[in-house]
Colleague: 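Questions regarding the structure given below will be posed in turn.
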Amino acid sequence: MQVILGIVYHFIGGFASGSFYTPFKKVKGWAWESYWIAGGIFSWLIVPPLAAYLTIPGFAEIIKSTDGSILGITYLFGVLWGIGGLTYGLGVRYLGISLGTSIILGLCMVFGSLIPSIYYNFFPKEGKDTFSMLIHSTWGLYVLAGLAVCVLGIIFCGKAGMMKERALNSSGTDPHGMQMKIEYKFGLGLLVSIVSGILSACFNFGIESGKSMAHTANEIWKTAHPGQGEFLFQNNVIFVVILWGGLTTNFIWCMILNARNKTFGDYTNAKTPLLSNYIFSALAGITWFLQFFFYGMGESKMGNGASSWILHMAFIILIANFWGIVLKEWKGVTAKTRTMITLGIVTIIVAVLLVGYGNSLK
């Protein structure tokens, strides 16, 4: 039952991540950098401590009492994760929407799920899954098989996207919704995508680094609620620190773009629907944060091992492709292309089932 709940929570988190950009489409008259940071203020600054306040009594005291080195490395991983997100667009620009996204998400999934287990192989810690445990246990082999199958599904989705791009046009939108011309530069695009994929996985590393804060929150809750299992919201205190790092990276970049594009006036431009712009930006930001709110709930049921990160990424990909179908982004493509994207989605669903089954064995 715990595994089923974990999968459900990860699905809800993936749905939030795959859907959060929809409210941004309702913002009128603002440049990307303006509505992105307006939403980001809610995503990274306002909502995380509010969620922690509502779910973890004394969360601020937990942060204050945490060793400065732990806070520093957790924050640093948040900064690096933010850079990974910002370089996402460059990978898409030089490799194309689908190939760039597939490579970045594939690398993010592999690095984010396996590096922590490899680290704990060399520096064992009680309660942490090591890579040796994965390869020497039946449940671990199922999880690794799920990872391999999911990467295969991403390749199928990427292939379908490349077929679509060739058939329709050579332009598209980057992951932030900005219209852009594709400039195919495979070598440079591959390098940027590798950097983005590795750095985007730093969110998972940040969770590992700040885990002592979650443990403290968990022990406090278990003392007050004996016999009721693990604390569902223990990770919310970690997100506060990680997202400070993400805010730093994105805020600096958006301010640079505001200055370069002379768009500081967007925030007070009475010629635009200011109230609705702020409301839709806030809604997008809140929806974005919910992906990690529910990721934390799923992780509390399944552990922050390879399986949680694989499920999180897999559901994001599934939901993103679902919206692509609903919004008729695949309209006008050949039957062969539709077959390929369907094959990709089915393959990812199989991967989710493999990971879920592996965790049930565990």
Side-chain angles (χ1 to χ4, degrees), residues 9 13 40-85 111-113 115-120 122-130 199-226 228-252 288-305 308-309 312:
Y9 291 143
I41 293 296
F42 285 86
S43 299
W44 307 311
L45 183 63
I46 296 176
V47 179
L50 178 60
Y53 172 78
L54 293 174
T55 56
I56 304 176
F59 84 94
E61 292 302 318
I62 295 176
I63 294 176
K64 289 179 183 177
S65 63
T66 300
D67 186 88
S69 62
I70 294 176
L71 293 177
I73 192 66
T74 304
Y75 171 82
L76 176 61
F77 277 129
V79 171
L80 295 175
W81 163 73
I83 295 174
F111 281 103
S113 59
I115 285 183
S117 64
I118 294 173
Y119 172 84
Y120 287 120
F122 293 99
F123 304 96
K125 191 173 181 180
E126 185 179 355
K128 296 297 183 181
D129 298 338
T130 66
L199 294 184
S200 294
C202 284
F203 198 100
N204 203 31
F205 306 158
I207 294 175
E208 289 289 346
S209 299
K211 204 61 183 177
S212 63
M213 290 183 282
H215 285 321
T216 300
N218 191 37
E219 290 305 313
I220 293 173
W221 186 86
K222 288 169 73 173
T223 299
H225 304 82
Q228 296 189 31
E230 302 300 310
F231 184 31
L232 195 59
F233 304 109
Q234 59 184 271
N235 289 298
N236 285 352
V237 66
I238 308 177
F239 297 154
V240 174
V241 180
I242 297 177
L243 293 175
W244 282 341
L247 172 64
T248 301
T249 308
N250 282 269
F251 183 80
I252 292 173
W288 183 95
F289 172 76
L290 288 176
Q291 68 168 306
F292 289 117
F293 181 84
F294 284 101
Y295 176 88
M297 294 170 66
E299 189 270 347
S300 71
K301 296 295 184 183
M302 302 179 69
N304 194 36
S308 280
W309 193 249
H312 180 66

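Worth saying up front: this structure is predicted, and the values here are computed from it rather than measured. Sequential numbering from 1 along the given sequence is applied to the chain's residues.
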Colleague: Any chance you could measure Leu50, atom CG, to Phe59, atom CZ, to the nearest 0.5 Å?
Modeller: 9.0 Å
Colleague: Which pair of heavy atoms, one from Ala217 and one from Ile56, lies closest together, and at what distance?
Modeller: CB-CG2, 4.0 Å
Colleague: Can a donor-acceptor pair be found, under 3.5 Å and without considering hydrogens, that links the side chain of Gln234 to the backbone of Phe231?
Modeller: yes
Colleague: Is there side-chain contact between Ile62 and Ile220, with heavy atoms separated by less than 4.5 Å?
Modeller: yes
Colleague: To the nearest 0.5 Å, how far apart are OG in Ser212 and CD1 in Ile70?
Modeller: 3.5 Å
Colleague: Tell me the closest heavy-atom pair linking Thr55 and Ala51, and the distance in Å.
Modeller: OG1-O, 2.6 Å
Colleague: Which distance, rounded to the nearest 0.5 Å, do you find between the CZ of Phe205 and the SG of Cys202?
Modeller: 5.5 Å
Colleague: Tyr295 and Ile207: side chain to side chain contact (heavy atoms under 4.5 Å, CB included), yes or no, with the steps?
Modeller: CA-CA 11 Å; Tyr295 176 88; Ile207 294 175; 3.5 Å; yes
Colleague: Roughly how far apart are Leu76 CG and Thr248 OG1, rounded to 0.5 Å?
Modeller: 10.5 Å
Colleague: Between atom CE of Met213 and atom CD1 of Ile63, what is the distance when rounded to the nearest 0.5 Å?
Modeller: 6.5 Å
Colleague: Could you check whether any side-chain heavy atom of Trp288 comes within less than 4.5 Å of a side-chain heavy atom of Phe42, counting everything from C-beta outward?
Modeller: no
Colleague: Is the side chain of Ser43 donor-acceptor paired with the backbone N or O of Phe289 at a distance under 3.5 Å, no angle test?
Modeller: no
Colleague: Should the pair Trp221 and His225 be assigned to parallel (<30°), tilted (30 to 60°) or perpendicular (>60°) ring geometry?
Modeller: parallel
Colleague: Can a donor-acceptor pair be found between the side chains of Tyr119 and Glu208 at a distance below 3.5 Å?
Modeller: no
Colleague: Which atom pair, heavy atoms only, marks the closest approach of Gly296 to Asn235?
Modeller: O-ND2, 3.2 Å
Colleague: Should the pair Trp81 and Phe292 be assigned to parallel (<30°), tilted (30 to 60°) or perpendicular (>60°) ring geometry?
Modeller: perpendicular
Colleague: First locate atom CD1 of Ile242, then atom CG of Leu247, and finally report the distance between them rounded to the nearest 0.5 Å.
Modeller: 14.0 Å
Colleague: On a heavy-atom basis, which atom in Pro48 and which in Leu243 lie closest, and how many Å separate them?
Modeller: CG-CD1, 3.5 Å
Colleague: Are the side chain of Asn250 and the backbone of Gly246 linked by a donor-acceptor contact shorter than 3.5 Å?
Modeller: yes
Colleague: Give me the atom names and distance for the closest heavy-atom approach of Val237 to Ala214.
Modeller: CG1-N, 4.0 Å
Colleague: Just wondering, do Leu232 and Tyr9 contact through their side chains at under 4.5 Å, heavy atoms?
Modeller: yes
